[in-house]
Amino acid sequence: MAASSSSSSSSSSSSFWRCNLILILVGCCVLVVSSEGNNYNSRPDVVEGLSWSFYKNSCPKVESIIRRHLRKVFKEDIGNAAALLRLHFHDCFVQGCDASVLLDGSASGPSEQEAPPNLSLRAAAFRIVDELRDLLDQECGTVVSCSDIVAIAARDSVHLSGGADYEVPLGRRDGVEFASREATIANLPSPATNASTLLKFLATKNLDATDLVALSGGHTIGLSHCSSFTGRLYPTQDPTMEENFAADLKRICPTPNTNATTVLDVRTPDRFDNKYYVDLVNRQGLFTSDQDLYSYKKTRAIVKSFAEDEALFSEKFVRAMLKMGQLSVLTGNNGEIRANCSVRNSDNVQLKTVVEEEKESAAEL
C-alpha cells in the first residue's frame with residue numbers, strides 16, 4: 001500500500017507540475033500577443049480617405065519603385081536622405097501634407113519655397129521628387145499624388161539611413177494653392193525657438209511633448225548652415241553649450257555670417273539613430289530648439305529616455321511621423337493629382353496640350 005501511495009503521490013505531483021508548466025507557457029504566449037497587440041495599436045488612427053493599401057490595384061509597385069531609386073540616390077549622396085525628410089516636415093506643418101511646398105510661385109504671389117524658413121531646402125530634394133514622379137508615371141500613369149511621393153520618400157530616407165521601416169497610410173491628394181509667406185513663416189518655427197514655445201505651437205497641430213521630442217530626432221541626420229546657430233556663439237556664448245563643442249563650432253564658423261555648414265549630430269551624422277539625444281544630454285545640441293529640449297523640465301525626461309533606449313525612440317518617432325503625416329490632408333475629390341509636382345494642373349500647359357490632343361483624336365473617331 002505504501003508503494004502504491006507513493007506512486008500515486010508521485011503521479012499527482014508530476015501532473016501538478018505539468019499543469020503549471022502549461023499555464024506558464026500559455027501565460028507567456030498571452031503576454032507576447034498582448035505586447036504585439038499594443039505595438040500595433042500604438043499606431044494613430046488613419047484619417048478618413050487614407051488607407052494602408054490605397055494603391056494596391058492602381059499602382060501596386062509604388063513603394064518598391066521609390067525605394068529602389070532612393071537606394072541609388074543615397075549611395076551617391078546620403079545627405080539627400082535628410083533633405084527629403086526635411087521636405088516632408090516643411091510640407092506638412094504649413095497648411096497640411098498637400099505638397100504645396102513643391103509648387104512654383106505664380107502671379108498670385110511667391111511660393112512657399114521663397115519664404116525664409118525654406119530657403120535652405122536642398123534643390124536636390126525637389127529634383128528627386130520629380131524623378132520619382134516620372135518613374136511612377138511610366139509604371140502606372142499619373143495616379144500617385146506628389147504628397148504621397150514625399151511621404152513615402154521621407155519614410156525611406158529614415159529607413160535607408162539606418163532607422164525604422166514602417167508602413168505609411170496613403171491616399172493624399174495635392175493642394176492647388178500654396179501658403180502665403182506669412183503663413184509659411186508662422187508655421188515653421190526657427191532654430192532659435194525654445195521648448196516651451198514649441199510645445200504650444202505643436203499643440204495647435206494636436207501633437208504633444210513626446211511627439212515634439214521624437215520628431216526633433218530627425219536632426220540625427222543632416223547639415224546646418226552657420227547662420228542657424230551662430231546666435232548661440234556670438235556675441236556671447238550660450239552657457240548651456242559644452243565648451244569643447246562650442247570651440248569646434250567657432251572654428252567652423254569664425255564669424256556670425258560665415259557661409260559654412262556642419263553636421264547636426266556630432267556622433268553619427270549620417271546614421272538615423274538615437275545619438276542625437278546623447279548629444280543633448282552632453283550639451284552638444286546644435287540649435288536652441290534642440291538643446292532646450294533637455295534644459296526644459298517638461299521634456300528633459302523624454303530626452304533622457306530616448307538617449308538610453310533606441311527602440312523606444314524608434315517606436316515614438318514612427319508614431320509621431322504617422323500623426324504629422326496626416327495633418328490636414330486632402331482626400332477623395334479634394335485637391336488633385338498633379339502631373340507636374342511644381343505646377344497645378346490648371347497651369348500645366350503641357351498637360352493641357354495632351355488633353356486637347358486626346359479630345360481631337362476622340363472627335364475624329
Heavy-atom closest pair, residues Q284 and R267 = OE1-NH1, 2.6 Å
Charged N to carboxylate O below 4.0 Å: is that the case for E167 and R155?
-> no
Joint hydrophobic cluster, V168 plus L215, side-chain heavy atoms closer than 4.5 Å = yes
Check step by step if side-chain contact (heavy atoms from CB on, under 4.5 Å) holds for L249 and L286.
-> CA-CA 9 Å; L249 292 178; L286 193 61; 3.7 Å; yes
Looking at S111 and D104, what are the two nearest heavy atoms and their distance?
-> CB-C, 3.7 Å
Common cluster, L223/I252, ILVMFWY with side-chain heavy-atom separation under 4.5 Å = no
Closest non-hydrogen contact found for A179 with V94 is CB-CG1, 3.4 Å
Please answer whether the main-chain N or O of A99 pairs with a side-chain N or O of D174 as donor and acceptor at a distance below 3.5 Å.
-> no
Is there a side-chain contact between T193 and T288, using heavy atoms and a 4.5 Å cut-off?
-> no
Test item: Q291 side-chain N/O and L280 main-chain N/O as donor-acceptor pair under 3.5 Å = yes
Enclosure of K323 NZ (heavy-atom neighbours >12, cutoff 6.0 Å) | yes
Looking only at atom types and distance, does a side-chain atom of S328 sit under 3.5 Å from a main-chain N or O of G96, one as donor and one as acceptor?
-> no
With no hydrogens and no angle check, is any side-chain donor or acceptor of Y277 less than 3.5 Å from a backbone partner on V213?
-> yes
Determine, for R127 against D130, whether the closest basic-nitrogen to carboxylate-oxygen distance falls under 4.0 angstrom.
-> no
What distance do R71 atom CZ and R68 atom CZ have between them, rounded to the nearest 0.5 Å?
-> 10.0 Å
Go through the steps for Q113 and F178 under the test side-chain contact (heavy atoms from CB on, under 4.5 Å), then give the verdict.
-> CA-CA 10 Å; Q113 297 168 38; F178 48 75; over 6 Å; no
Go through the steps for F272 and F317 under the test ring pair (Phe, Tyr, Trp, His ring centres under 6.0 Å), then give the verdict.
-> CA-CA 11 Å; F272 200 97; F317 177 80; 4.9 Å; yes
Give a yes-or-no answer on whether the side chains of T240 and R232 include a donor-acceptor pair shorter than 3.5 Å.
-> yes
Note: R133-D137 ion pair, threshold 4.0 Å (strictly below) = yes
Residue pair S100 / E112, side-chain donor-acceptor N/O under 3.5 Å = yes
What's the verdict on side-chain contact (heavy atoms from CB on, under 4.5 Å) for R338 and T142, showing C-alpha distance, side-chain angles and the deciding distance?
-> CA-CA 8 Å; R338 277 186 232 136; T142 308; over 6 Å; no
Assess the side chains of T268 and D265: does a donor N or O sit below 3.5 Å from an acceptor N or O?
-> yes
NE2/H225: more than 12 non-hydrogen atoms of other groups inside 6.0 Å | no
If you measure only the distance, is there a donor-acceptor pair under 3.5 Å linking the side chains of D273 and T220?
-> yes
Verify whether one side chain among Q326 and R172 offers a donor that lies under 3.5 Å from an acceptor in the other.
-> no
Are V329 and Y55 in one and the same hydrophobic cluster, where Ile, Leu, Val, Met, Phe, Trp and Tyr link if side-chain heavy atoms are under 4.5 Å apart?
-> yes
Residue that, paired with H219, satisfies ring pair (Phe, Tyr, Trp, His ring centres under 6.0 Å) out of F287, F89, F229 = F287
Expected output: side-chain R300 to main-chain Y294 donor-acceptor under 3.5 Å = yes
Here the pair of heavy atoms bringing R86 nearest to P117 is NH2-O, 3.6 Å
Find out whether Y276 and F306 are in side-chain contact, i.e. whether some heavy atom of one side chain is under 4.5 Å from a heavy atom of the other.
-> no
Backbone of T331 reached by a side-chain donor or acceptor of R173 within 3.5 Å = no
Taking the side chain as every heavy atom from C-beta outward, state whether I152 and L170 have any atom pair closer than 4.5 Å.
-> yes
Can you find a pair of side-chain heavy atoms, one from T197 and one from P189, that are under 4.5 Å apart?
-> no
Any side-chain donor paired with an acceptor under 3.5 Å for R122 and N80?
-> yes
Would you call L199 and L212 a side-chain contact if the rule is heavy atoms closer than 4.5 Å?
-> yes
Could you walk me through whether V150 and V129 pass side-chain contact (heavy atoms from CB on, under 4.5 Å), step by step?
-> CA-CA 7 Å; V150 172; V129 171; 4.2 Å; yes
Between the main-chain N or O of V73 and the side-chain N or O of E76, is there a donor-acceptor pair closer than 3.5 Å?
-> no
Is any side-chain heavy atom of R43 less than 4.5 Å from a side-chain heavy atom of L322?
-> yes
Any side-chain heavy-atom pair from M324 and L327 closer than 4.5 angstrom?
-> yes
Decide whether V281 and V266 are clustered together by the hydrophobic rule: side chain heavy atoms of Ile, Leu, Val, Met, Phe, Trp, Tyr closer than 4.5 Å, transitively.
-> no
Hphob cluster co-occupancy, I65 + V143, side-chain heavy atoms under 4.5 angstrom | yes
If you round to the nearest 0.5 Å, how far is OG of S145 from CG of D98?
-> 10.0 Å
First locate atom CG of L207, then atom CZ of R319, and finally report the distance between them rounded to the nearest 0.5 Å.
-> 10.5 Å
Which of these, N257, T258, N259, sits in a side-chain hydrogen bond (donor to acceptor under 3.5 Å, both in side chains) with T255?
-> T258
Does one side chain, of R283 or S295, offer a donor that lies under 3.5 Å from an acceptor on the other?
-> no
Do L70 and L160 come within less than 4.5 Å of each other through their side chains, counting heavy atoms only?
-> yes
Of all the heavy-atom pairs spanning S224 and L264, show the shortest one and how long it is.
-> CB-CD2, 3.6 Å
Would you say D347's side chain and V343's backbone share a donor-acceptor pair under 3.5 angstrom?
-> no
Please report the C-alpha distance between D165 and R67 in whole Å, then the side-chain angles of each, then the deciding distance to 0.1 Å, and finally whether the salt bridge (charged side-chain N to carboxylate O under 4.0 Å, His left out) criterion is met.
-> CA-CA 11 Å; D165 194 5; R67 181 163 293 188; 2.8 Å; yes
Donor-acceptor contact below 3.5 Å, side chain T184 vs main chain S180 = yes
Between the main-chain N or O of L121 and the side-chain N or O of N118, is there a donor-acceptor pair closer than 3.5 Å?
-> no
What heavy-atom pair brings V176 and R344 nearest, and what distance separates the two atoms?
-> O-NH1, 2.8 Å
